[in-house]
Enquirer: 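Submitted below is the structure of interest, expressed as structure tokens.
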Amino acid sequence: APVQASDWHAELHSALSQQDPGLSGPPDATVVRAHQTLAYLLWREWRQGRKLGAAEEMLVRGAWATGDWHKGARLAAQNPRTPFTRLAALATHKDEDVRKLVAANPSTPVALLELLAKEDDWGVQSEVAKNRATPQKTLEELAESVASVYVVGNPSAPEPLRVRLASLDGGGEFWADLAEIPSTPVSLLEVLAKDKHPWVRMNVADNPSTPETLRVSLLESLAMEKGPLVRSRVAANPSTPQSLRASLLEALVAEMDKEASTRMAPRRASGDVEAMAQAFSSVANTDLCINVAANRWTPVRVLERLANHEQDVVRSAVARNPSVPAVILQVLATDRSAKVRTAVADNAVTPGALLEKLAKDTHIIVRQALVGNPSVPHRLLELLAKDKHQDVRRFVSESGRAPSAMIEAFAKDKHPSVRTSVAENRLTPISVLEKLGKDREAGVRSAVAGNPVAPVALLEVLAMDKDQDVRRATAANPA
């Protein structure tokens with residue numbers, strides 16, 4: 001039967017202290033971790049038939065009652081500081097997600113990775129294949145398994161092996177993802193540049209690590225693709241020759257016009273002025289409209305038409321365009337859609353007068369977007385720090401732009417979500433963390449307990465907190 005053990009760590013520690021005077025005093029975070037590990041190992045021995053002593057049974061029952069190892073297993077499995085003995089136990093956990101986290105842990109010993117690689121589980125094998133600590137011999141074995149695509153993405157795998165695997169067909173979306181990663185070796189990018197799928201080659205062209213000569217060659221060949229989406233991405237690449245970009249944009253707009261003209265013919269014939277303004281709305285390929293709207297080289301006359309598109313995702317793309325004229329932003333700042341107004345608030349080229357106006361917008365997502373805009377002046381940030389909605393104040397506290405005085409004010413905010421945000425922030429001064437460590441809300445104290453910059457003395461206090469979530473967060477703190 002479940003036992004009621006609100007603080008089983010302290011109870012066990014007290015019992016053990018009677019036999020070992022060296023353990024006198026309250027349990028610290030290290031002892032709590034040791035209790036959790038020991039409880040799990042004892043439970044496994046009990047399942048195998050070993051009879052537990054009274055103190056051992058109390059330890060296991062207490063851990064079971066508080067759920068410490070059930071809820072903490074995943075945290076422990078991914079924590080680089082988890083002891084080898086516990087990682088070894090978690091590597092055979094019945095929960096596949098726990099085993100996957102052990103396989104992904106950068107501190108998991110080679111012996112455990114080799115064991116996990118032999119599991120008949122694709123998910124676990126894939127995490128071993130991605131782990132940089134996995135030895136080359138194991139990676140070579142996994143190269144012959146269904147997890148081979150992940151070996152290609154592992155920088156620890158021998159480059160010849162990665163190149164060989166990348167040249168094989170079947171990578172699909174994974175090859176496309178790999179082609180986007182800046183750390184992908186040039187030798188691999190050269191192989192992916194020959195992939196049969198145009199979106200893989202397009203990602204290689206967009207990759208900042210791709211040699212310029214290869215990039216330009218790819219862009220010129222991709223410009224001949226039939227699909228308009230690929231060509232619209234070529235038109236947006238900074239390395240695309242200016243003359244080629246201009247001709248691509250002209251051709252894409254002509255294709256959009258042709259489709260729009262066919263679809264809108266009946267309404268145009270009736271003299272519908274709105275239909276003429278929103279002609280691009282009839283283009284079936286919305287993604288194409290978005291790409292053209294977001295392209296900084298798109299002509300203003302085209303942006304003006306796209307700013308009238310009936311779908312807010314297209315108008316938002318215009319609003320985020322770094323080259324959009326102020327006159328278009330002024331119109332979009334009063335758009336009926338909060339998403340579009342948010343895009344205006346997020347654009348670094350939005351004039352100050354419009355930013356001031358948007359700071360009073362009725363929708364909180366618009367005001368939240370202002371917080372992340374580097375062009376927003378400090379005086380406007382101070383206004384947003386006093387916003388009536390806690391989510392806006394929370395965004396300011398997380399922005400990295402709030403000075404110490406503002407952080408201290410947020411630490412006293414009436415809403416716990418704002419105080420929690422301050423407690424989680426690594427930039428929060430220690431003196432503020434110490435005050436929040438005494439907060440009346442357990443969630444705030446848990447955030448302090450999980451903050452890697454929290455001092456050891458504070459963690460020792462939180463390890464004895466009355467709330468088990470706070471103690472659990474303290475035990476999981478990597479500091």
Side-chain angles (χ1 to χ4, degrees), residues 182 206 208 235-239 245 289-309 311-410 413 417-418 421-422 424-428:
D206 285 338
N237 192 297
S239 295
R245 177 185 297 111
C289 292
I290 292 173
N291 286 358
V292 174
N295 192 324
R296 63 167 60 207
W297 291 284
T298 296
V300 174
R301 59 181 174 78
V302 179
L303 291 178
E304 289 173 343
R305 295 176 62 187
L306 288 167
N308 287 301
H309 199 284
Q311 293 200 34
D312 58 8
V313 289
V314 177
R315 301 197 305 277
S316 295
V318 175
R320 285 194 172 89
N321 191 311
S323 300
V324 63
V327 64
I328 296 180
L329 286 173
Q330 191 168 0
V331 173
L332 294 175
T334 59
D335 195 276
R336 64 184 180 276
S337 170
K339 291 180 181 178
V340 178
R341 302 197 304 276
T342 297
V344 177
D346 195 43
N347 197 329
V349 302
T350 300
L354 284 182
L355 295 177
E356 296 271 1
K357 181 179 179 181
L358 291 168
K360 301 173 185 176
D361 196 278
T362 56
H363 209 294
I364 65 167
I365 65 169
V366 178
R367 306 197 300 276
Q368 285 176 329
L370 284 172
V371 176
N373 191 327
S375 298
V376 168
H378 183 71
R379 58 183 177 77
L380 196 53
L381 196 66
E382 288 181 333
L383 177 66
L384 294 168
K386 299 175 183 177
D387 195 275
K388 63 182 178 181
H389 200 283
Q390 68 271 9
D391 284 347
V392 178
R393 301 196 302 274
R394 178 172 57 81
F395 265 51
V396 177
S397 73
E398 296 172 348
S399 68
R401 298 178 60 193
S404 297
M406 196 179 287
I407 290 292
E408 290 179 3
F410 283 137
D413 196 277
S417 69
V418 179
S421 174
V422 176
E424 292 173 338
N425 196 329
R426 296 189 181 201
L427 300 177
T428 299

Enquirer: State, to 0.1 Å, how close Val371 and Arg401 come at their nearest heavy-atom pair, and which atoms those are.
Expert: O-NH1, 3.8 Å
Enquirer: Which heavy atom of Phe410 sits nearest to which heavy atom of Ala402, and what is that distance?
Expert: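 Heavy atoms only, the tightest pair is CE1-CB, 4.5 Å.
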Enquirer: Work out which heavy atom in Val376 is nearest to a heavy atom in Leu370; give both atom names and the distance.
Expert: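 Minimum heavy-atom contact is CG2-O, 3.1 Å.
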Enquirer: Filter on side-chain hydrogen bond (donor to acceptor under 3.5 Å, both in side chains), then keep only pairs touching residues 370-381, sequence neighbours left out; what's left?
Expert: Glu356-Arg379, His378-Glu382
Enquirer: Can you tell me which residue pairs pass the side-chain hydrogen bond (donor to acceptor under 3.5 Å, both in side chains) test with a partner in residues 315-331, sequence neighbours excluded?
Expert: Arg315-Asp335
Enquirer: How would you list all residue pairs meeting salt bridge (charged side-chain N to carboxylate O under 4.0 Å, His left out) that involve residues 364-373, not counting sequence neighbours?
Expert: Arg367-Asp387
Enquirer: Side chain to side chain contact (heavy atoms under 4.5 Å, CB included) between Ile328 and Val331: does it pass, once the steps are laid out?
Expert: CA-CA 5 Å; Ile328 296 180; Val331 173; 5.7 Å; no
Enquirer: Indicate yes or no for a side-chain donor-acceptor contact from Ser397 to the backbone of Val422 under 3.5 Å, with no hydrogens or angles considered.
Expert: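 No, Ser397 side chain to Val422 backbone: no donor-acceptor pair under 3.5 Å.
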Enquirer: Between Thr334, Asp346, Asp361, which is the residue that forms a side chain to side chain donor-acceptor pair (under 3.5 Å) with Arg341?
Expert: Asp361
Enquirer: Nearest heavy-atom pair of Ala307 and Leu332: which atoms, and what distance?
Expert: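 Here Ala307 and Leu332 meet closest at O-CD2, 3.9 Å.
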Enquirer: Answer whether the closest heavy-atom distance between the side chains of Lys339 and Val313 falls below 4.5 Å.
Expert: no
Enquirer: Between the main-chain N or O of Ser417 and the side-chain N or O of Ser421, is there a donor-acceptor pair closer than 3.5 Å?
Expert: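 Not at all, since once roles are kept as given, no pair shorter than 3.5 Å links the two residues.
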Enquirer: Hey, does the side chain of Asn347 reach the backbone of Ala319 with a donor-acceptor pair shorter than 3.5 angstrom?
Expert: yes
Enquirer: Tell me the closest heavy-atom pair linking Met406 and Ala385, and the distance in Å.
Expert: SD-CB, 3.8 Å
Enquirer: CD1/Ile290 to CG/Asn295 distance, rounded to the nearest 0.5 angstrom?
Expert: 13.5 Å
Enquirer: Show the nearest heavy-atom pair for residues Ala369 and Thr342, with the distance to one decimal.
Expert: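 Result for this residue pair: CB-CG2, 3.5 Å.
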